[in-house]
Every structure is written in C-alpha cells, then in structure tokens.
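Here the structure is a predicted model, which is why all the values come from computation and not from measurement. Here is the naming used below: chain letters follow the sequence lines, and residue numbers restart at 1 for every chain.
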Amino acid sequence: MAEEQLTPRSENFSDWYNELVLKAEMADYSPVRGCMVVRPYGWTLWENMQAALDRRFKETGHVNAAFPLLIPKSFFEKEKEHVEGFAPELAVVTIGGGEELEEPLVVRPTSETIIGYMYSKWVKSWRDLPVLINQWGSVVRWELRTKLFLRTAEFYWQEGHTAHATEAEAREETLRMLDVYADFAVTECAIPVIKGIKSETEKFAGAVMSTTIEAMMGDTKSLQSGTSHFLGQNFARAFNIQYTDKNNELQYAWTTSWGLSTRMVGAIIMTHGDDKGLILPPRLAPIQVVIVPIYRSDAEKGLVMEAANRIFTELKAAGIRLKMDDREEVTPGFKYNDWEMRGVPLRMEIGPKDVEKSSVALARRDRPGREGKSFVPQANLAAAVADMLTDIQAAMLAKATAFRDSHIHDPKDMDELVKIVQNGWAYSWWCESKECESKVKELTKASTRCMPVDQPEGTGNCIVCGQPAKRRVLFGKSY
RNA sequence: CGGGGUGUAGCGCAGUUGGCAGCGCACCGCGUUUGGGACGCGGGGGUCGGCGGUUCAAGUCCGCCCACCCCGACCA
C-alpha cells in the first residue's frame with residue numbers, strides 16, 4: 001500500500017503546501033472559482049483557534065454579535081479610501097426574488113460600513129461608549145489569484161469593531177488587540193510574530209494607522225497574520241457616529257477594527273510543516289494523541305486492546321484529545337505515516353511487548369525517527385503525556401523562533417539588502433518615504449512588512465537614500 | 001488581468017506516422033499478513049475538460065471556449 005509521497009518542502013514549497021492541504025484533508029477546492037471547502041479536520045483546528053481567540057476577546061471586555069452579509073452598495077461610497085481600496089474586489093447582488101434590485105447589495109468584504117451605520121443609531125451619549133463588539137463570520141473578496149487558506153474569495157474570520165470617546169482610548173484598544181493577536185499566535189499557534197505598524201502604502205483602506213503581526217513562513221516569506229486598525233474618525237464622520245460629551249458638546253467617536261482569519265491555518269501549516277507533512281501545535285491540534293495498537297494473533301489482540309482501551313479512557317478523562325486507530329485493514333507502518341502527515345503531535349504505540357512491560361512507546365511528531373521515540377510506564381501516563389505535549393508546544397515555538405531569527409539581518413547597504421530579502425528579512429533604517437519603499441520593491445520584489453513596535457534606541461540613516469531615519473522597518477517578500 | 005503550463009478511471013500518469021483507451025496506486029471480493037507505507041488471486045470503474053471542424057476513422061490534426069496550477073501586477 002504505497003502512498004504517494006509529498007513533494008519535498010525544500011524542492012518546491014508551493015507544491016508541497018498545495019498537496020499537503022489536500023492530502024491532510026484540511027481543505028478542498030470548491031466548484032466555485034477561488035472558494036475553498038474547509039474539511040472537518042481543518043475546521044476542527046479552526047474551531048480550536050476560534051475558542052482560544054474568543055476567550056481572549058471576552059477577557060478584554062468584548063461581546064459577540066452578528067451583522068448582515070449584504071450591505072447597500074452606497075455604504076461603500078461614503079468613505080473615500082475605503083471605496084477605492086475595495087471597489088475592485090466586490091461581489092455585488094443585483095437581483096433578488098427574480099427582480100432587479102433598486103439598490104445593488106454588496107456581499108461584505110469587511111463590515112466597517114454597515115457596523116458604522118448601526119453604531120450611529122446606537123451611540124448618542126458618552127455613556128454609550130465604548131462599544132466593543134466582535135463578529136465571527138465570513139467575507140467575500142473577488143481575488144484574482146487564490147490559494148487555499150492564504151487567499152480565497154470567501155474566507156472565515158472574526159472582525160472586531162469598537163467605538164470610543166477619545167483618540168487615546170481608541171489607540172489603546174488598537175494596540176490591546178494587537179497584543180491579543182500576538183499572544184494567541186505565540187501561545188496557541190507556536191508561531192513567533194513581530195508586532196508592527198504598516199506603512200502608508202500597506203495600511204488598510206480607510207485606516208489612520210494599521211498594525212500587524214508578521215510571521216515568517218518556512219520559505220522565509222512573510223505572512224500578515226492578523227491586523228488591528230486605528231480608524232480615527234474616518235468612519236465616524238462617514239456614518240455619523242456622534243455622541244454628546246460631558247460638556248454637552250457633540251463629538252465624533254473614534255473607532256477601531258481588527259481581524260484574524262483562516263489564513264492563520266495556512267500560517268500554522270507553513271511555519272511548522274516538514275517533508276512528512278503537518279506538525280500541529282498540541283494546544284490547537286484536533287487530535288493530540290493517536291493510539292496505534294499492534295498485534296498478530298487474536299490472543300495478542302485481546303491483551304493489547306484491553307490495555308489500549310483502558311489507556312484511552314484514562315487519557316480521555318484527563319482531557320486529552322485522542323484517537324484510537326484500530327483499523328484492521330492497514331498496517332501499523334502505514335498508520336505512522338498517515339498520522340505524521342496529518343500532524344498529530346504524539347503517537348502512542350501499544351503492542352505485546354508494552355503490555356508485558358506495562359509501558360507504551362511514544363513518538364513525538366516534532367522530532368522524527370528514533371530521536372523522538374521513548375518508552376514510558378503506563379503508571380501516571382496521563383500526566384506524562386500532558387507534560388510531553390507541553391514540551392512539544394514549547395519546542396515548536398523555540399524552533400520556529402530560531403529559524404526566523406537566523407533569517408533576519410541588518411544590511412550595511414543596498415547590495416546587502418537585495419541579497420538578504422532573497423532568503424529572509426532585512427531590518428533597516430528607513431526614512432518612511434514612498435519613493436524609497438517602492439524603489440526596494442522594484443529592485444527586489446520585497447515590500448515593507450512593518451515598522452516593529454519595539455524599536456532600538458537612537459536614529460540612523462535610510463538604507464535607500466541615506467537621509468535621517470527615525471524608525472527601522474522590516475523588508476521582506478510576502479504572501 | 002498579462003505571461004507560462006496542465007486537462008485521459010478517485011489520484012498520479014502513458015498513449016508512436018490518426019486505426020479496439022492503457023499502466024501504477026486507490027476501490028470491491030477471498031485468503032494470508034500486521035513494532036515504519038504488506039502480499040497473492042479474482043473483479044469493477046472512462047462523455048479522453050467543453051463545443052465545433054477536417055477525415056472512412058480523432059485522445060491524437062485545426063479553431064474557439066472553459067477550468068485549474070505556476071510566475072508577475074493587486075490584497076487578510
């Protein structure tokens with residue numbers, strides 16, 4: 001039963017990714033151009049991600065609500081930059097119930113406009129603020145070039161929308177949610193990220209300031225993995241979100257929005273995966289432990305299954321997400337490869353020898369081969385397994401961090417920058433002019449990813465033009 | 001939306017100067033197997049991406065269209 005091999009990651013990263021997403025049954029292509037079907041294994045991972053994020057949203061005072069999928073087209077014309085940014089990728093409904101609609105409806109590409117409209121109805125007094133609402137849903141953007149999870153015409157995400165009385169409060173909220181995203185990425189996904197501010201050309205259409213968490217994928221390209229925007233009063237003015245302050249004066253509110261999408265699933269795949277397939281972080285993995293029973297005779301089967309079932313029940317009770325692979329029609333060797341491809345963090349083998357010695361064999365997905373294999377006693381197994389899962393989570397983060405850090409360099413000049421961005425990120429002083437930004441892009445295909453929030457002391461000179469620069473920026477190729 | 005590539009069984013592919021549509025894996029049945037991708041025997045499965053044209057005859061030649069992938073420009 002020879003299974004098709006994956007294209008090695010080093011040979012062709014893009015092919016490797018596409019094949020893996022399909023083979024691991026994360027997602028599939030849909031009959032509709034550019035759309036994806038998220039399969040149960042991929043969706044369960046997303047559900048675990050949602051739970052981890054939603055918990056953090058609630059802890060920071062937010063509540064969930066649902067806003068409509070369809071938005072009056074005219075709403076998009078109320079904010080100049082917003083309409084310019086999104087016009088090319090809107091899907092528009094013109095017919096309803098067989099009749100041409102009086103006003104076309106846009107399938108939401110994001111919900112600032114319709115939520116802004118509602119907020120203008122709900123906000124009258126300073127006492128109504130802040131409004132802190134999140135929505136889980138999907139949006140549609142008519143993308144020309146799509147890739148499963150990373151860029152699809154419809155994608156699933158959450159979008160938070162908040163309104164505040166003061167600029168300071170709204171800016172604080174923007175950064176608070178950026179921190180939430182960073183904590184989620186690092187703690188749950190085991191993906192190290194750099195928090196930063198987007199350049200003028202890279203920022204969200206309609207925002208005053210966009211912030212991002214940038215992650216480095218296994219091919220050293222950058223992925224914007226979550227964004228948090230300070231919208232100033234742009235949408236408040238466009239939609240009349242006004243309130244009366246304590247001095248009885250009419251004021252425009254200050255708003256923010258922030259989103260994280262199923263793109264993060266792609267980030268997990270591209271950050272941790274290897275030639276054998278996925279490697280999922282234990283905290284999010286749909287299956288944390290897979291048990292593979294091994295036996296020859298019926299007598300052996302009886303003994304092995306008895307032990308395997310007992311251990312299964314014990315680990316289940318301890319809150320570990322696990323699966324018993326008791327398929328009769330495939331060999332243990334096949335199962336090893338199968339579950340490695342699907343990225344299950346820990347494999348437990350239970351055979352006659354283990355029953356005899358009252359132990360089990362554990363194989364860590366993050367350490368291939370003999371190095372990751374150990375034999376542990378069945379006594380206190382749940383605790384040992386939990387410890388190992390914690391260790392795997394930490395090891396994955398450490399490995400990804402070491403990889404990223406070894407691919408970020410400080411170029412001495414443009415020649416060096418050109419070389420660095422072929423296989424990593426350049427961390428350079430930059431004068432923040434569009435001219436210098438586009439010059440780098442023309443020369444290298446690399447764009448500014450972000451100006452990290454945590455900056456070194458002092459000032460320097462722009463890597464491109466040599467003029468004084470206040471901040472450093474990361475240049476890199478991106479998805 | 002430009003450039004390139006690919007469309008033949010569920011998947012991966014072969015198909016010569018046009019002449020009965022094939023191979024491997026997967027699938028179904030039976031038996032033997034099972035600590036790193038098992039083996040034997042026997043089966044089933046096709047509008048050759050679509051439409052049109054040339055021809056006695058088209059997977060193959062010609063034209064148009066469609067889809068997908070890769071590389072660019074644009075974006076979470």
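Ser210(A) and His229(A) form a side-chain donor-acceptor contact under 3.5 Å, judged by distance and modelled atom types alone. Side-chain polar atoms of Thr162(A) and Thr256(A) form a donor-acceptor pair below 3.5 angstrom. Side-chain contact check for Arg449(A) and Ser447(A): at least one donor-acceptor pair (N or O, by modelled atom type) lies under 3.5 Å.
Residues meeting the ring pair (Phe, Tyr, Trp, His ring centres under 6.0 Å) test with Trp142(A), sequence neighbours left out: none. The salt bridge (charged side-chain N to carboxylate O under 4.0 Å, His left out) check on Lys203(A) picks up Glu200(A), with sequence neighbours excluded. Remark: Phe149(A) engages no residue in a ring pair (Phe, Tyr, Trp, His ring centres under 6.0 Å) (not counting sequence neighbours). Scanning for salt bridge (charged side-chain N to carboxylate O under 4.0 Å, His left out) contacts around Glu173(A) gives Arg176(A), with sequence neighbours left out. Every ring pair (Phe, Tyr, Trp, His ring centres under 6.0 Å) that Trp258(A) has, sequence neighbours left out, goes to Phe57(A), His62(A). Residues passing the ring pair (Phe, Tyr, Trp, His ring centres under 6.0 Å) test with Tyr479(A): none are found, sequence neighbours excluded.
rU47(B) makes up no base pair with any nucleotide shown, lacking Watson-Crick or G-U wobble contacts both under 3.5 Å. Both distances falling under 3.5 Å, in either a Watson-Crick or a G-U wobble arrangement, place rU32(B) opposite rA38(B). Nucleotide rC11(B) is matched to rG24(B) when pairs are restricted to Watson-Crick or G-U wobble geometry with both distances under 3.5 angstrom. The partner of rC61(B) is rG53(B), judged by Watson-Crick or G-U wobble contacts that both fall below 3.5 Å. Pairing for rC1(B) goes to rG72(B), judged as Watson-Crick or G-U wobble with the two contacts each under 3.5 Å. Across all strands shown, rA67(B) forms a Watson-Crick or G-U wobble pair, both distances under 3.5 Å, with rU6(B).
Scanning atom types as modelled, no donor and acceptor separated by under 3.5 angstrom connect the side chain of Arg370(A) and the base of rG36(B). For rC75(B), its base never sits under 3.5 Å from the side chain of Arg141(A) at any donor and acceptor pair.
Across rG15(B) and rC1(B), the matching C1' atoms stand 36 Å from one another, rounded to whole Å. Across rA9(B) and rG22(B), the matching C1' atoms stand 11 Å from one another, rounded to whole Å. When the P atom is used for both rG24(B) and rA73(B), the distance is 45 Å, rounded to whole Å. Rounded to a whole angstrom, the distance from the P atom of rG5(B) to that of rC41(B) is 43 Å. Going from the P atom of rC68(B) to that of rU34(B) covers 47 Å, rounded to whole Å. If you take atom C1' in rU60(B) and the same atom in rG53(B), they sit 15 Å apart, rounded to whole Å. Comparing rU17(B) with rG7(B), their C1' atoms are spaced 25 Å from each other, to the whole Å. Atom P of rA26(B) sits at a distance of 11 Å from the matching atom of rG40(B), rounded to the whole Å.
Separating the CD atom of Glu19(A) from the C1' atom of rU6(B) is a distance of 14 Å, rounded to the nearest angstrom. Separating the CD atom of Glu89(A) from the P atom of rC75(B) is a distance of 8 Å, rounded to the nearest angstrom.
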Identify all side-chain donor-acceptor contacts of residues 77-87 of chain A below 3.5 Å with residues at least two apart in sequence or on another chain.
| residue | atom | partner | partner atom | Å |
| --- | --- | --- | --- | --- |
| Glu79(A) | OE1 | Glu81(A) | N | 3.2 |
| Glu79(A) | OE1 | His82(A) | N | 2.9 |
| His82(A) | ND1 | Ala205(A) | O | 3.0 |

Which donor-acceptor pairs under 3.5 Å do the side chains of residues 417-427 of chain A make with protein atoms, sequence neighbours left out?
| residue | atom | partner | partner atom | Å |
| --- | --- | --- | --- | --- |
| Gln422(A) | OE1 | Lys477(A) | NZ | 3.1 |
| Gln422(A) | NE2 | Val418(A) | O | 3.0 |
| Trp425(A) | NE1 | Thr220(A) | O | 3.3 |

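Electrostatic pairing of Lys195(A) and Asp179(A) counts as a salt bridge here, judged by a charged N lying under 4.0 Å from a carboxylate O. Ion pairing of Lys399(A) with Asp274(A) is absent here, as no side-chain N (NZ or NE/NH1/NH2) approaches a carboxylate O to less than 4.0 Å.
Note on Thr331(A): every side-chain N or O is 4.0 Å or more away from OP1 and OP2 of rG37(B). Phosphate proximity of rC70(B) to Asn18(A): present, with a side-chain N or O under 4.0 Å from OP1 or OP2.
The only option from Asp54(A), Asn64(A), Asn134(A) that meets the side-chain hydrogen bond (donor to acceptor under 3.5 Å, both in side chains) definition with Gln158(A) turns out to be Asn134(A).
Within residues 275-302 of chain A, the residues having any heavy atom under 4.0 Å from RNA chain B are, by residue number, Lys276(A), Ile294(A), Tyr295(A), Arg296(A). Near RNA chain B, meaning a heavy atom under 4.0 Å away, there are no residues from residues 62-86 of chain A. Near RNA chain B, meaning a heavy atom under 4.0 Å from it, residues 348-361 of chain A has Glu349(A), Gly351(A), Pro352(A), Lys353(A), Asp354(A), Ala361(A) in order of number.
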Could you walk me through whether Asp183(A) and Arg56(A) pass the salt bridge (Lys or Arg N to Asp or Glu O under 4.0 Å) test, one step at a time?
-> CA-CA 9 Å; Asp183(A) 179 59; Arg56(A) 287 169 169 79; 2.9 Å; yes
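Within the nucleic acid shown, Thr152(A) comes within 4.0 Å of at least one base atom, counting heavy atoms only. Using a 4.0 Å heavy-atom distance criterion, Glu340(A) is classed as a base contact. Note on Ser14(A): only backbone sugar-phosphate atoms sit closer than 4.0 angstrom, heavy atoms only; bases stay farther off. Nucleic acid contact for Leu260(A): none, since no nucleic acid atom lies under 4.0 Å from a heavy atom of the residue.
Atom NZ of Lys323(A) sits in a sparse spot, with 12 or fewer heavy atoms from other residues, nucleotides or ligands closer than 6.0 Å.
Distances were taken from every side-chain heavy atom of Tyr336(A) (C-beta onward) to each of rG37(B), rA73(B), rG36(B); the shortest belongs to rG36(B). Closest approach to the Lys445(A) side chain among rG36(B), rA73(B), rC70(B) is made by rA73(B) (side chain taken as heavy atoms from C-beta onward). Checking rA76(B), rC70(B), rG36(B) against every side-chain atom of Ser261(A), the shortest atom distance belongs to rA76(B).
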Heavy-atom contacts, protein to nucleotides 40-45 of chain B, under 4.0 Å, summarised as B (base), S (sugar-phosphate only) or - (none) per nt, yield ------
